[in-house]
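Working notes, beginning with the structure itself.
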Amino acid sequence: MSFSVTSTSRTGASGVHRAYLATLQDELARRGIDPAALLPAGPPADVTPLELAALCQRALTLTGDPAFGLHYGLRLNLASHGILGYALMSARNGDQLLSLLVRYAQLAVPDVELERVLQGERVLLTCRPNANLSPRYLFAELIVATLVAAARSLFQRPIPGAEAWFDYPAPAHADAYGALRLPVRFSQRRCALVCDRRFLDMEITSANPALAELCSRQCEALLRTMRKRAGVADAVRRALLNAAGEFPDVAELARRLAMSERTLRRRLAAEGTSYRAITDEVREALARRYLTTTSLPVTEIAALLGYDDPANFRRAFRRWTGHSPAGCRNDRPG
C-alpha cells in the first residue's frame, strides 16, 4: 500500500467531518435515497461534530434501517479520517496503533472516548459515546464498525481472539451484526473491541516510521489547536449537552468547572461568547434534532429543553431560526 500525506488537503477536523458527510450521502444514494433529503438546504460550508451526529440520526430515519450505523461505519476507509488515518496506516504495530487511536481519536470523533485496557492475556479498546449521542446504539455500532473496517484494511489477516462487545442487550436487528464478521457479545460491562494480547506485536504492512513521526507531529499540532480554540466555551457546551435539558445556571456551571462565576463570564467574553449564547446554541441544535428525527410533540420538546412554557420555546425557536417549530418539522422531507 502506498500513500502520501499530501494526497489529502483535509487534515483539519472539519475536513474529516466533511469526508464523513460525503460517505454518508453516498451510502444514502446507494440505497436509492436522494442525498438532498439529508440536507434540503444544500451542503454546509463546514460540518461540526454536533451537526454530523444529527445527520447520522436523520439518515437512520430516512433509511428505516436500524443497522444503518453498522453499514455506514464499515464503509469508512482510512483516508476518510484525514491525517489521523495516515498516522494509523504508517504505524509500526498494534501497540503503536492503539496509542495513536487513544490519543488522537478526538480529531475525528470528539464525543467518543477511547481507552486501552489490559485484562490478563486480552487487550480491550473501549469506546464510550457521550450522553448527547442518541440513540446510543447507533453511535456504538458506528464507532465499532469503523474500527473493524480500519483493522481489516491495516492487517489484512485475522486478528487473534477478536470480538466485539456491546454494553446493551441484543437489539431486534442483532442478526445484522454478522456484517462485522467476528463474534459479538451483548450485555457486557463495556463497549469494546477485544483481542488477544498478541495483537500488540502484530506488524502493519504499510508501516513507515518516518511518515509515522511526521503524521504524529501533525496530529499533535491539530489537537493543540483544537483544544486552544475550544477553550472554556467548549467545556460549557459539552456540559450543557450532557445536562439532558436540565441546564444549570451560570453560577452552578462555574462551580462544576472549578472557577468563580465572574471568571467564567470573563473567559467566555474573551472567547467572544457568553453563557446565554452557548445555551441558545445548544438548545437550537437539540431542538432541530428532536424536530427532524423524532415525532415528539412540541410541548415535550420544550420541556426537554428546559422550558416550562411551550410558548416561550416557540418564541425562542423563531428568534434562532426565523421559523416556527412546526414549520421546521413540516419542511423535513418524507
Side-chain angles (χ1 to χ4, degrees), residues 8 10-25 27 44 46-60 68-89 91 97-117 124-151 153-154 164-167 180 190-193 215-216 218-220 222-227 229-230 234-235 237-239 241-242 282 285 289:
T8 177
R10 298 180 304 220
T11 56
S14 62
V16 169
H17 302 133
R18 287 195 297 273
Y20 292 165
L21 174 57
T23 303
L24 185 62
Q25 292 176 299
E27 176 64 17
D46 202 356
V47 186
T48 68
L50 183 61
E51 290 167 338
L52 184 66
L55 291 172
C56 287
Q57 293 164 324
R58 181 151 181 75
L60 179 68
F68 180 81
L70 286 169
H71 303 308
Y72 172 43
L74 288 171
R75 291 202 64 203
L76 290 169
N77 58 43
L78 286 162
S80 302
H81 310 306
I83 192 64
L84 174 60
Y86 289 99
L88 300 179
M89 281 189 270
L97 175 73
L98 293 185
S99 297
L100 290 168
L101 277 169
V102 169
R103 179 158 182 79
Y104 300 122
Q106 294 179 52
L107 296 176
V109 281
D111 287 329
V112 176
E113 180 182 352
L114 299 181
E115 181 183 8
R116 174 165 58 176
V117 178
L124 285 65
L125 180 63
T126 69
C127 61
R128 288 189 291 273
N130 284 355
N132 59 292
L133 295 178
S134 178
R136 191 174 187 279
Y137 79 85
L138 167 66
F139 294 98
E141 291 176 355
L142 173 56
I143 297 302
V144 169
T146 300
L147 292 170
V148 167
S153 176
L154 288 169
W165 290 2
F166 295 92
D167 58 0
L180 295 175
R190 58 187 95 199
C191 181
L193 276 179
C215 291
S216 294
Q218 291 191 30
C219 284
E220 193 67 34
L222 282 171
L223 189 61
R224 285 197 302 269
T225 300
M226 185 179 75
R227 288 173 174 170
R229 288 177 178 173
D234 187 67
R237 189 175 295 109
R238 290 177 180 276
L241 282 168
N242 288 327
V282 170
R289 180 187 305 177

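These values consider heavy atoms only, across backbone and side chains, with no hydrogens, waters or symmetry-generated copies. All residue numbers refer to positions in the sequence shown, counting from 1. Bear in mind the structure is a predicted one, so any value in this text is a computation, not a measurement.
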Could you check whether His81 and Tyr86 have their ring centres less than 6.0 Å apart?
no
Measuring from Leu124:CG to Cys191:SG, what's the distance to the nearest 0.5 Å?
10.5 Å
Where is the tightest heavy-atom contact between Leu223 and Gln106, given as atom of each residue plus distance?
CD1-CB, 4.3 Å
Has Thr146 got a side-chain atom pairing as donor or acceptor with Leu142's backbone, closer than 3.5 angstrom?
yes
Main-chain N/O of Ala150 paired with Ser153 side-chain donor or acceptor, under 3.5 Å
no
To check you understand the geometry: which heavy-atom pair defines the closest contact between Leu60 and Pro135, and what is its length?
CD2-CG, 3.9 Å
Taking the side chain as C-beta and beyond, is there a heavy-atom pair between Leu100 and Cys219 under 4.5 Å?
no
Between the main-chain N or O of Tyr20 and the side-chain N or O of Tyr72, is there a donor-acceptor pair closer than 3.5 Å?
yes
To the closest 0.5 Å, what do you measure between CD (Glu27) and CG (Leu74)?
9.5 Å
Measure across Leu21 and Leu52 and return the closest heavy-atom pair with its distance rounded to 0.1 Å.
N-CD1, 4.2 Å
Do Arg136 and Asp167 meet the salt-bridge criterion of a basic N to acidic O distance under 4.0 Å?
yes
What's the spacing between Leu138 CG and Phe68 CZ if we round to 0.5 Å?
8.0 Å
Euclidean distance, Phe166 CZ relative to Cys127 SG, rounded to 0.5 Å
7.5 Å
Give, for atom CG of Leu78 and atom CG of Leu154, the distance between the pair rounded to the nearest 0.5 Å.
5.0 Å
Heavy atoms of Ala149 and Gly73 approach each other most closely as CB-O, 4.0 Å
At what distance, to the nearest 0.5 angstrom, does OG1 of Thr126 lie from CG of Leu114?
7.0 Å
If we only count heavy atoms from C-beta on, is the Glu220 to Arg103 side-chain gap below 4.5 Å?
yes
Closest non-hydrogen atom pair between Trp165 and Arg190, with its separation
CB-O, 3.7 Å
